[in-house]
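First comes the structure, then the notes that go with it.
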Amino acid sequence: MGQKEATMSSWSQEQNQSPGGLNPHLSRTLLLLLLSVASAQGDPPNPNACLVFQSVKGTTVNCHPPAEIPRRLPADTVHLAVEFFNLTQLPADILRGTPKLQELHLSSNRLENLSAEFLLPVPQLKVLDLTRNALSRLPRGLFRGSAALRTLVLKENRLHILEASCLHGLQALEHLDLSENRLRTLPAGLLANLTDLRVLDLSNNRLETLPPDLLRGPQRLERLHLEGNRLRALEDDLLAPQKDLRHLFLSDNQLAKVAANAFRGLRRLDFLDLSNNSLSSVPKGLWAGLGRPTRDLQDGFDLSQNPWICDGNLRDLFRWLVDNKDKMFFRNDTRCAAPAALKGWTLLAVAESH
C-alpha cells in the first residue's frame with residue numbers, strides 16, 4: 001500500500017491477514033483447541049442462534065443469518081450487531097431493557113426509516129453503524145438522547161435531504177460518515193453543535209455547493225472528505241475555521257476555481273488531494289503557508305489529472321512545486337494541457353526548466 005492510499009483510509013484502521021500465512025503447526029494446534037472446546041461444551045452451536053459472548057464489561061450479541069433475532073436481550077448487553085438480514089424494519093422494542101448498550105451495528109439491511117424514539121432506551125450508546133441501508137431521511141429528534149454518541153456511520157444509504165436540526169443532541173460526536181448518499185445540498189447550521197467533530201466524510205454524494213458556515217461549529221476537525229462530488233469552486237471562507245485540519249480530500253470533483261485564500265490559516269495540513277478536477281490555473285498566493293518553510297505537507301499532495309495551462313499564470317505554482325517536489329504524488333500524471341508547445345509536459349519538468 002502506498003503512502004497516499006494509507007493516508008486516505010478513514011473508517012477502518014485494521015489490516016487484513018491472509019489465512020494462508022498461518023504456520024501449519026499453529027493452525028493444527030488452533031483446530032485441536034477449538035475441537036476440544038466444542039467437545040467439552042457438548043452439542044455443536046445452534047446455527048439459528050446468535051453468538052453471545054460474556055465478559056466483565058458486559059455481553060456481546062452478534063446476529064447474522066440464518067440466526068433468529070432474539071426478542072429480548074441480556075440486560076448487560078454492551079455490544080449488539082444485527083447485520084445482513086435485509087430487514088426493512090427492526091423488531092419492535094429491540095433495544096428495550098439494554099440501558100448499558102455502547103455499540104450498535106445494523107449494517108447491510110434494508111432499513112427504510114427509524115422511529116424518533118428508537119435510541120431513547122440506550123443513552124450510553126457510543127457507536128452507531130447504519131451502513132448499507134435504505135434510509136432516505138432522519139427523523140427529527142432521533143438523537144435527542146444520544147449525548148454519549150461518538151461515531152455515527154450512515155454510509156451507503158439513500159439520504160437526499162438533511163434538516164438543520166437532524167443532528168441536534170450529538171455534542172460528543174467525533175466521527176460522522178455521510179458518504180455515498182444522494183445529498184445535493186446541505187442546510188446552514190448542520191454541524192453547529194458538533195464542536196468535538198474530528199472526522200467528517202461527505203464523499204461520493206452529489207454536492208454542487210457547500211454552505212459557507214458548514215465548518216464553523218466543529219473546533220477540532222482533522223480529516224475532511226469531499227471527494228467524489230460535483231463541487232465547482234472552493235471559496236475563501238469554507239476552511240477558515242479549521243486551523244488544525246490535517247487531511248483534505250477534494251479529488252474527483254469539477255473544481256475549476258480555488259480562491260486565493262482558500263488554504264490560508266491551515267497551519268497543520270499534512271495531506272492535500274486536488275486530483276481529477278478541472279483546474280487549469282490557480283491564483284497567486286494560494287500556496288502561501290503550505291509546504292516549506294512553514295509546513296511540510298508530510299503526507300504529500302496530489303495535483304494530477306487536471307487540464308493545467310502552463311503559462312505565466314502558474315509561475316507561483318511552479319516555484320512551489322520545485323520547493324516541495326519530494327512530497328508530490330503522481331508526477332507523471334500531472335501534465336500541461338496547453339499551450340501547444342508544452343502540451344504533455346509534466347508540470348514539474350516545466351517548473352524546473354524555469
Side-chain angles (χ1 to χ4, degrees), residues 1-10 203 221-228 231 233-236 238-240 242-354:
M1 181 183 288
Q3 188 176 14
K4 178 181 176 183
E5 288 78 5
T7 300
M8 295 180 70
S9 176
S10 170
S203 63
L221 200 63
E222 297 176 0
R223 296 177 69 95
L224 177 58
H225 289 263
L226 292 169
E227 68 269 26
L231 300 174
L234 186 63
E235 304 295 346
D236 276 331
L238 179 69
L239 301 172
Q242 299 306 321
K243 307 298 183 183
D244 295 327
L245 192 66
R246 304 290 294 273
H247 299 89
L248 177 57
F249 302 87
L250 287 160
S251 63
D252 300 289
N253 277 281
Q254 300 171 17
L255 289 174
K257 174 188 174 185
V258 178
N261 294 324
F263 303 140
R264 187 159 296 176
L266 298 182
R267 59 193 180 195
R268 300 185 64 190
L269 196 66
D270 288 328
F271 182 78
L272 173 63
D273 191 351
L274 282 165
S275 62
N276 198 23
N277 276 286
S278 301
L279 295 170
S280 59
S281 186
V282 286
K284 183 178 180 180
L286 175 66
W287 311 103
L290 295 181
R292 299 177 184 142
T294 54
R295 280 298 301 155
D296 195 23
L297 279 173
Q298 61 183 7
D299 294 328
F301 65 93
D302 188 355
L303 304 178
S304 64
Q305 302 296 332
N306 280 285
W308 297 107
I309 297 177
C310 298
D311 57 15
N313 292 323
L314 286 190
R315 287 174 184 167
D316 193 43
L317 173 57
F318 289 156
R319 287 192 292 268
W320 188 83
L321 285 179
V322 171
D323 288 341
N324 294 278
K325 61 184 179 182
D326 57 326
K327 302 298 181 183
M328 184 178 182
F329 286 107
F330 301 110
R331 299 181 186 181
N332 199 45
D333 294 323
T334 311
R335 294 178 176 270
C336 304
L342 295 175
K343 184 176 181 179
W345 282 50
T346 67
L347 257 67
L348 190 57
V350 176
E352 290 179 330
S353 71
H354 280 67

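Taken from CG in L297 to CG in L248, the straight-line distance is 10.5 Å, to the nearest 0.5 Å. L342 CG to C310 SG: the interatomic distance, rounded to the nearest 0.5 Å, is 6.0 Å. From S275, atom OG reaches atom CD of E227 across 9.0 Å, with rounding to the nearest 0.5 Å. To the nearest 0.5 Å, atom CG of residue L274 and atom CG of residue L234 are 8.0 Å apart. In this structure, M328 CE and S304 OG are separated by 8.0 Å, a value rounded to the nearest 0.5 Å.
Closest approach of N277 to D252, counting heavy atoms only: ND2-N, 4.1 Å. Between R331 and K325, the closest heavy-atom pair is NH2-O, 2.7 Å. Summarising the geometry of D302 relative to F329, their closest heavy-atom pair is OD1-O, 3.9 Å, with the distance given to 0.1 Å. The two residues K243 and G265 make their nearest non-hydrogen contact at CD-O, 3.4 Å. Counting all heavy atoms, side chain and backbone alike, A259 lies closest to D236 at CB-OD1, 3.0 Å. Minimum interatomic distance between G285 and R264 (heavy atoms only, all atoms of both residues): O-NH2, 4.0 Å.
Using a 4.5 Å cut-off on side-chain heavy atoms (C-beta onward), L266 and L239 make contact. Considering only heavy atoms from C-beta on, L314 stays 4.5 Å or farther from D316 through its side chain. For the pair W287 and N324, the minimum side-chain heavy-atom distance is 4.5 Å or more. Contact check for V258 versus L279: side-chain heavy atoms found under the 4.5 Å cut-off. Counting heavy atoms from C-beta outward, S281 and I309 have side chains that stay 4.5 Å or more apart. Contact check for K257 versus E235: side-chain heavy atoms found under the 4.5 Å cut-off.
Ring-plane geometry between H225 and F249 is classed as parallel, the angle between the planes falling under 30 degrees on a 0 to 90 degree scale with a further cut at 60.
When each of N306, L321, L303 is checked for a side-chain contact (heavy atoms from CB on, under 4.5 Å) with L347, only L321 meets the rule.
The ring of W320 has its center closer than 6.0 angstrom to the ring center of F301.
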(request) Go through the steps to decide whether L269 and L290 satisfy the test side-chain contact (heavy atoms from CB on, under 4.5 Å), and finish with yes or no. (result) CA-CA 7 Å; L269 196 66; L290 295 181; 3.9 Å; yes
(message) Quick one, D244 with R267, criterion side-chain contact (heavy atoms from CB on, under 4.5 Å). Give me CA distance, side-chain angles, the key distance, then yes/no.
(response) CA-CA 6 Å; D244 295 327; R267 59 193 180 195; 3.1 Å; yes
(message) Assess the residue pair C336 and V350 against the criterion (side-chain contact (heavy atoms from CB on, under 4.5 Å)); give the C-alpha distance rounded to whole Å, side-chain angles, the decisive distance to 0.1 Å, and a yes or no.
(response) CA-CA 9 Å; C336 304; V350 176; 3.8 Å; yes
(request) Could you walk me through whether W308 and T334 pass side-chain contact (heavy atoms from CB on, under 4.5 Å), step by step? (result) CA-CA 8 Å; W308 297 107; T334 311; 4.0 Å; yes
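Judged by distance alone, the side chain of N253 and the main-chain N or O of L226 form a donor-acceptor pair under 3.5 Å. Counting only distance, with no hydrogens or angles, the side chain of D296 and the backbone of Q298 share no donor-acceptor pair below 3.5 Å.
If you check the side chains of D270 and H247, you find no donor sitting under 3.5 Å from an acceptor.
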